[in-house]
Amino acid sequence: MADTISLQVIRYRPESETEPTTQEYTVPFRKEWVVLDALNYIKDQIDGTLSFRWSCRMGICGSCGMMVNGEPKLTCATFLADYAPNPVRVEPLTNFPIVRDLVIEMSDFMRKLPRVKPWIVRDQEKPLSEGEYRQTPEELDEYKQYSMCINCLLCYAACPVYGLDPHFMGPAAIALAQRYNLDTRDEGSKERMEELSQHEGIWGCTFVGECTAVCPKHVDPAGAIQRYKLSAAMDWFKSFLMPWGKK
Amino acid sequence: MNETPIYTEYHPRWYRRRVSTYWWLERSSYLLFILRELSSAFIAWFVVFTLLGIRAVKLGPDSYQAYLNWAASPFLIIVNLVTLFFVVLHAATWFNLAPKAMVVHWRGRKVPGEWIAYANYGAWAVASLVIALILLI
Amino acid sequence: MAKRTIEPLLWTLFSAGGVIAALFIPIQLLLFGVVFPLGLAEAPSRERMLGLIGHPLTRLYLFVMCTMALLHAAHRFRFTLYDGLQIKHLNELINLFCYGGAIVLSIWTLVLLWHIP
Ligand code: SF4
Ligand code: FES
């Protein structure tokens, strides 16, 4: 096996360029190296000006998402060996503006996330003296999968609906809303529904399913959205048939 | 305020990429998706084809025969073969995705998604069999 | 609820129509579009067809199947036009074309089935 591998990295330097360009680097090939290791090698040994985000190197922080050969990937969990000896193309996540090189602008997501209230909402807090809110393992299982999200935004990069309409709430935000809706301690599903029953909420989704395919944490946002649609439709019929039942 | 706010939130020099009109050619999964969505046009065609058949039956034996002959023309056979492909694609993708929207609980447990898909396929087989028996016997 | 949209209704019709289309259309198309035209089996005679379609249950079935399949197709095709061609700004026109078409064809279905002797 060759002992080097070439990386085609998208560069964008807003102070001197109007458009991204590709730069090729040759790095040592090690079978235990992930794409992020190669990028760090470039940064340390070849070209200190290359910018990219990363932190944990273990698939937890969700900051190292990039397009690797056109697929959204966590670069800390994507091995060079899977691509060698062919060159590896590294690009910033699609569907987001590029700030610099491989760094994307994600404040759109950051503004959307709180709109679905991804925290436990109570009508009335129980006094401390009454103890904690208890939950059985089965109740935990109901939402556990959706709580694994690390906000890496790979699903947004994979979602053509988000690419076409940036107003779309997007996979992870809806999956997180569902995570709290399915939590027995939560009472906020009505408030979330108001936000999500808009066209830019769940109804914009056409079930492409790519978000689920690329999610490194098996969150299955596509499934969450379809379930959400089903309950939104049932809510709609209920409020239509029994308008007096509304609070 | 002399500082150039290069990295503020509203920095105007972000580079925005546009989604290509042909985005659905970019990945095979996107292509499959768009084919699945296009099945809708073929379903509409099937309904029209069926309605024309009903009309022919209503109008009399001659028009029914004319309808059968028309359906047997090579062009229409090809159209309907293509339609069949899309209709089956619709059915298969529909049944595969059904468990995603429907989470069924039975005796306090989640029913595995595959079972729901199998149940769907089973129903498909039964419905097809019944219709085939009615029309062939 | 704040803003009322009819998306939930459209989606429910889309889904119900999708199930019906998936269950019933392939076999009917296989028979009428391929098997009978190719002569692999004898098409039912006109009397037989008339008897079949004349039955109230068949009529009901045909009506439900056709209208639901049309509403399903309209909804899906609307989104295909939005996204595939990126022409969301023609929103109203697309809706008119898709749902309007489905409604017109549904009315035709009703009229046809009504007049079967
Ligand atoms: S749902 Fe999955 S892909 Fe999307 S942000 Fe969360 S972990 Fe990442
Ligand atoms: S560096 Fe934290 S997820 Fe990859």
Side-chain angles (χ1 to χ4, degrees), chain B residues 19-21 23-24 34 36-51 53-58 60-65 68-73 76-77 79-81 83-84 87-88 90-95 98 101 120 123-124 126-132 134-136, chain C residues 14-15 17-19 21-39 41-50 52-54 58-59 62 65-67 69-70 72-80 83-86 98 101-102 105-106 108-109 112-113 115-117:
Chain B
V19 178
S20 137
T21 308
W23 59 267
W24 32 275
I34 212 79
R36 185 189 91 193
E37 300 296 290
L38 276 180
S39 69
S40 56
F42 291 90
I43 286 179
W45 157 247
F46 166 80
V47 174
V48 171
F49 178 67
T50 306
L51 291 177
I54 297 175
R55 197 179 79 111
V57 170
K58 189 191 83 173
D62 292 347
S63 21
Y64 182 55
Q65 194 50 50
L68 290 181
N69 294 342
W70 176 62
S73 64
L76 229 73
I77 291 185
V79 169
N80 279 335
L81 277 173
T83 309
L84 187 64
V87 169
V88 170
H90 162 70
T93 50
W94 193 272
F95 295 141
N120 276 305
W124 189 20
V126 171
S128 303
L129 204 69
V130 170
I131 293 180
I134 292 178
L135 288 170
L136 289 175
Chain C
F14 159 78
S15 305
V19 176
L23 284 177
F24 302 117
I25 290 185
I27 181 69
Q28 285 182 64
L29 183 64
L30 180 69
L31 290 174
F32 283 101
V34 182
V35 171
F36 298 151
L38 287 181
E42 183 87 37
S45 68
R46 192 231 170 196
E47 284 67 49
R48 173 104 175 85
M49 288 297 284
L50 205 55
L52 264 180
I53 302 176
T58 327
R59 270 194 242 196
L62 283 171
M65 194 269 288
C66 288
T67 48
L70 286 168
H72 161 84
H75 189 72
R76 200 170 232 188
F77 201 64
R78 167 188 147 207
F79 278 97
T80 314
D83 298 340
L85 301 175
Q86 301 196 19
C98 291
L105 283 174
S106 298
W108 188 36
T109 313
L112 262 184
L113 290 171
H115 287 291
I116 295 283

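In what follows, every chain begins at residue 1, and chains take the letters A, B, ... in the order their sequences are listed.
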Under 4.5 Å, counting heavy-atom pairs only, tell me which of [options] racks up the most with chain C.
options: B:G60, B:A41, B:A56; result: B:G60
options: B:I34, B:I43, B:V79; result: B:I43
options: B:W70, B:F95, B:F42, B:W94; result: B:W94
options: B:A71, B:P61, B:A44; result: B:P61

Between C:F36 and chain B, which part of the residue has a heavy atom less than 4.5 Å away: side chain, backbone, both or neither? side chain

For C:V35, is it the side chain, the backbone, both, or neither that has a heavy atom closer than 4.5 Å to a heavy atom of chain B? neither

Name the member of C:A102, C:P44, C:A21 that forms the most heavy-atom pairs with chain B at distances under 4.5 Å. C:P44

Among C:R48, C:H115, C:E47, residue most engaged with chain B (heavy-atom pairs, under 4.5 Å): C:R48

Gap separating the [atom1] atom of [X] from the [atom2] atom of [Y], nearest 0.5 angstrom:
X: B:W24; Y: C:T80; atom1: CH2; atom2: OG1; result: 11.0 Å
X: B:I54; Y: C:L62; atom1: CD1; atom2: CG; result: 4.5 Å
X: C:H75; Y: B:E37; atom1: NE2; atom2: CD; result: 9.5 Å
X: C:Q28; Y: B:T50; atom1: CD; atom2: OG1; result: 6.0 Å

Qualifying residue for side chain to side chain contact (heavy atoms under 4.5 Å, CB included) with B:I131, from C:L30, C:L23, C:I25, C:I27: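 Among C:L30, C:L23, C:I25, C:I27, the one meeting side chain to side chain contact (heavy atoms under 4.5 Å, CB included) with B:I131 is C:I27.
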
Segment of [X] engaging chain C (4.5 angstrom heavy-atom cut-off):
X: B:S63; answer: neither
X: B:L84; answer: both
X: B:L129; answer: neither

Nearest heavy-atom neighbours spanning [X] and [Y]:
X: B:S40; Y: C:A73; value: O-CB, 3.3 Å
X: C:G33; Y: B:N80; value: CA-ND2, 3.6 Å
X: C:C66; Y: B:L51; value: SG-CD2, 4.2 Å
X: B:A132; Y: C:L31; value: CA-CD1, 4.0 Å
X: C:F32; Y: B:F49; value: O-CZ, 3.9 Å
X: C:A43; Y: B:Y64; value: CB-OH, 4.5 Å

Counting C-beta onward and ignoring hydrogens, is there a side-chain heavy-atom pair between [X] and [Y] closer than 4.5 Å?
X: B:V130; Y: C:F24; value: no
X: C:L105; Y: B:V47; value: no
X: C:L52; Y: B:L135; value: yes
X: C:P37; Y: B:L76; value: no

Working for side chain to side chain contact (heavy atoms under 4.5 Å, CB included), residues B:F46 and C:M65: CA-CA 11 Å; B:F46 166 80; C:M65 194 269 288; 4.0 Å; yes

Side chain to side chain contact (heavy atoms under 4.5 Å, CB included) evaluation trace for B:S39 with C:R76: CA-CA 9 Å; B:S39 69; C:R76 200 170 232 188; 3.6 Å; yes

